[in-house]
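Take a look at the structure below.
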Amino acid sequence: MTPSYLALGGNVGPVERTFERALEQLDALPGTTVRSVSGVFRFPAVGAGAGGEFHNAAARVDTNLEPLDLLLQLQRIEDRHGRVRDVVWGPRPLDVDLILYGDRILSHPQLRVPHPGCWYRRFVLDPLAEIAADVTHPEKQATVRELRERLLPRPLPVVLLGDQVKFRNELLTTLSSEFADVELTEADFAGWTSVDRRQVDEPALLIWLGTGKKRAAGRFQSLPLLSRLDVSQHPDPLESVRAILRSALGR
């Protein structure tokens, strides 16, 4: 059986009871056993239309199901509890994400494992650290405890990185006024690889805004693995970075 870790969230109805029922249904699946469950944490909702405060928890599940089969079962359980998928980041009675599946790294149109946002989201890491502090993220090569601890310093060191100077400066100005507990700096790619990287080595988050240059397509992959995060393809980079910072701060 493969040890897998789930993140549970919800902000509609009796959420904690919903968590209990969902885990009971999961434990009843053939070849699947719920091994441990964290306490329930509360975090502000992330996203303009997400509604009120969220309840969040984590669970370890040992399973013989393959990742895509497990995903299907999780979605069926969400549906039983009234999950509606027509609003991204909308209010919901139950959200169950597959965070880690053993040490497997999977990139599929329907599923990415490890979950791409788990390493910088406090609403995932805080519950997960209760039951899996020493488990290693197979991509970042850091434990859950280490990933969480990197987000605790205040101000939180964050670098905005990309070749479009005007755009970087606009984001820096806007976000600095909103996030007093974040130490925001900005740099171009050449600056990061020479002077700036030595001065701000391994920030908590290194957010790649991209470049218009075709020859620079591989630059993101050359950035430090532990802190890099790509928002260059997001339709609204400002809102994306705003949500990332709120998730990392846990507010």
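At least one donor-acceptor pair under 3.5 Å links the side chain of Arg154 to the backbone N or O of Leu151. Side-chain atoms of Arg35 do not come within 3.5 Å of backbone N or O of Val61 as any donor-acceptor pair. Remark: side-chain polar atoms of Thr63 are paired, donor with acceptor, to backbone N or O of Leu65 under 3.5 angstrom. The closest donor-acceptor contact from the side chain of Lys140 to the backbone of Leu225 lies under 3.5 Å. Of the possible polar contacts, one joining the Arg228 side chain to the Gln221 backbone as a donor-acceptor pair under 3.5 Å is found. In this structure, Thr174 contributes its side chain and Leu171 its backbone to no donor-acceptor pair below 3.5 Å. Looking at Glu186, its side chain never comes within 3.5 Å of a backbone N or O of Leu161 through a donor-acceptor pair. A distance-only check finds no donor-acceptor pair linking the side chain of Ser38 to the backbone of Ile131 [under 3.5 Å]. For Glu149 (side chain) and Glu146 (main-chain N/O), no donor-acceptor pair under 3.5 Å exists by modelled atom type. The closest donor-acceptor contact from the side chain of Asp230 to the backbone of Ser232 lies under 3.5 Å.
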Kindly indicate, with the supporting measurements, whether the criterion side-chain contact (heavy atoms from CB on, under 4.5 Å) is fulfilled by Ile99 and Val124. CA-CA 9 Å; Ile99 302 299; Val124 173; 4.1 Å; yes
Show, in sequence, the C-alpha distance, side-chain angles and deciding distance for Arg219 and Asp163, and conclude whether the salt bridge (charged side-chain N to carboxylate O under 4.0 Å, His left out) test is met. CA-CA 11 Å; Arg219 286 186 171 182; Asp163 289 346; 2.4 Å; yes
Check step by step if side-chain contact (heavy atoms from CB on, under 4.5 Å) holds for Thr143 and Val135. CA-CA 5 Å; Thr143 66; Val135 172; over 6 Å; no
Run the side-chain contact (heavy atoms from CB on, under 4.5 Å) test on Phe179 and Arg246 for me, step by step, so that the C-alpha distance in whole Å, both residues' side-chain angles and the decisive distance to 0.1 Å come before the verdict. CA-CA 9 Å; Phe179 295 94; Arg246 288 175 179 162; 3.8 Å; yes
Step-by-step salt bridge (charged side-chain N to carboxylate O under 4.0 Å, His left out) determination, Arg112 to Glu139: CA-CA 12 Å; Arg112 286 180 61 190; Glu139 285 183 325; 5.2 Å; no
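No side-chain heavy atom of Asp103 sits under 4.5 Å from any side-chain heavy atom of Thr136. Under the 4.5 Å side-chain criterion, counting only non-hydrogen atoms from C-beta, Phe43 is not in contact with Glu53. Under the 4.5 Å side-chain criterion, counting only non-hydrogen atoms from C-beta, Arg121 is in contact with His115. Using a 4.5 Å heavy-atom threshold, the side chains of Phe19 and His81 count as separate. Proximity of Val241 to Val231: side-chain heavy atoms (C-beta onward) are separated by under 4.5 Å at one or more points. Put simply, the side chain of Leu6 reaches to within 4.5 Å of the side chain of Leu26, judged on heavy atoms. Annotation: side chain of Leu205 is in contact with side chain of Ile244 (closest heavy-atom distance under 4.5 Å). Between Val15 and Pro93 the shortest side-chain heavy-atom distance does not fall below 4.5 Å.
Hydrophobic clustering, with ILVMFWY side chains joined whenever heavy atoms are under 4.5 angstrom apart, groups Leu106 together with Val96. Under the 4.5 Å side-chain heavy-atom criterion for ILVMFWY residues, no single connected hydrophobic cluster contains both Leu100 and Ile105. Cluster annotation: Val12 and Phe123 are assigned to distinct hydrophobic clusters (Ile/Leu/Val/Met/Phe/Trp/Tyr, side-chain heavy-atom contacts under 4.5 Å, transitive). Residues Val46 and Leu238 fall within the same hydrophobic cluster, defined by Ile, Leu, Val, Met, Phe, Trp and Tyr side chains chained together at heavy-atom separations under 4.5 Å. Under the 4.5 Å side-chain heavy-atom criterion for Ile, Leu, Val, Met, Phe, Trp and Tyr, Leu172 and Val182 are members of the same hydrophobic cluster.
In summary, Arg92 and Asp95 engage in a salt bridge, as defined by a charged side-chain N under 4.0 Å from a carboxylate O. The pair Arg17-Glu20 counts as a salt bridge, with a side-chain nitrogen and a carboxylate oxygen less than 4.0 angstrom apart. Between Arg145 and Glu130, none of the side-chain N atoms (NZ, or NE/NH1/NH2) sits under 4.0 Å from a carboxylate O, so this pair counts as no salt bridge.
Atom CD of Glu66 and atom CG of Leu111 lie 11.5 Å apart (nearest 0.5 Å). Separating the OG atom in Ser227 from the OH atom in Tyr120 is a distance of 13.5 Å, to the nearest 0.5 Å. Annotation: the span from His137 atom NE2 to Leu226 atom CG amounts to 9.5 Å, rounded to 0.5 Å. We find the CG-OH distance between Leu128 and Tyr5 to be 7.5 Å, quoted to the nearest 0.5 Å. The distance from the CG atom of Leu29 to the CD atom of Gln73 is 5.0 Å, given to the nearest 0.5 Å. With rounding to the nearest 0.5 Å, the separation of CG in Leu70 from OG1 in Thr32 is 6.5 Å.
Nearest heavy atom pair, residue Ser4 against residue Leu98, reads CB-CD1, 4.1 Å. When all heavy atoms of Leu206 and Pro224 are compared, the pair lying nearest together is CD2-CD, 3.7 Å. In terms of heavy atoms, Arg148 sits closest to Asp126 at NE-OD1, 2.8 Å. Between Leu156 and Arg150, the shortest heavy-atom distance links the atoms CD1-O, 3.7 Å. Of all heavy-atom pairs between Pro203 and Pro157, the closest is CB-O, 3.5 Å. Closest of all the heavy-atom pairs between Phe167 and Pro237 is CZ-CB, 3.7 Å.
Within a 6.0 Å sphere centred on CG of Asp181, heavy atoms belonging to other residues, nucleotides or ligands number more than 12. No more than 12 heavy-atom neighbours from other residues, nucleotides or ligands sit within 6.0 angstrom of CD on Gln233.
Between the side chains of Glu239 and His234, no donor-acceptor pair of N or O atoms lies under 3.5 Å.
Annotation: cation-pi pair Arg42/Phe54 absent, no NZ/CZ under 6.0 Å from the ring centroid and within 45° of its normal.
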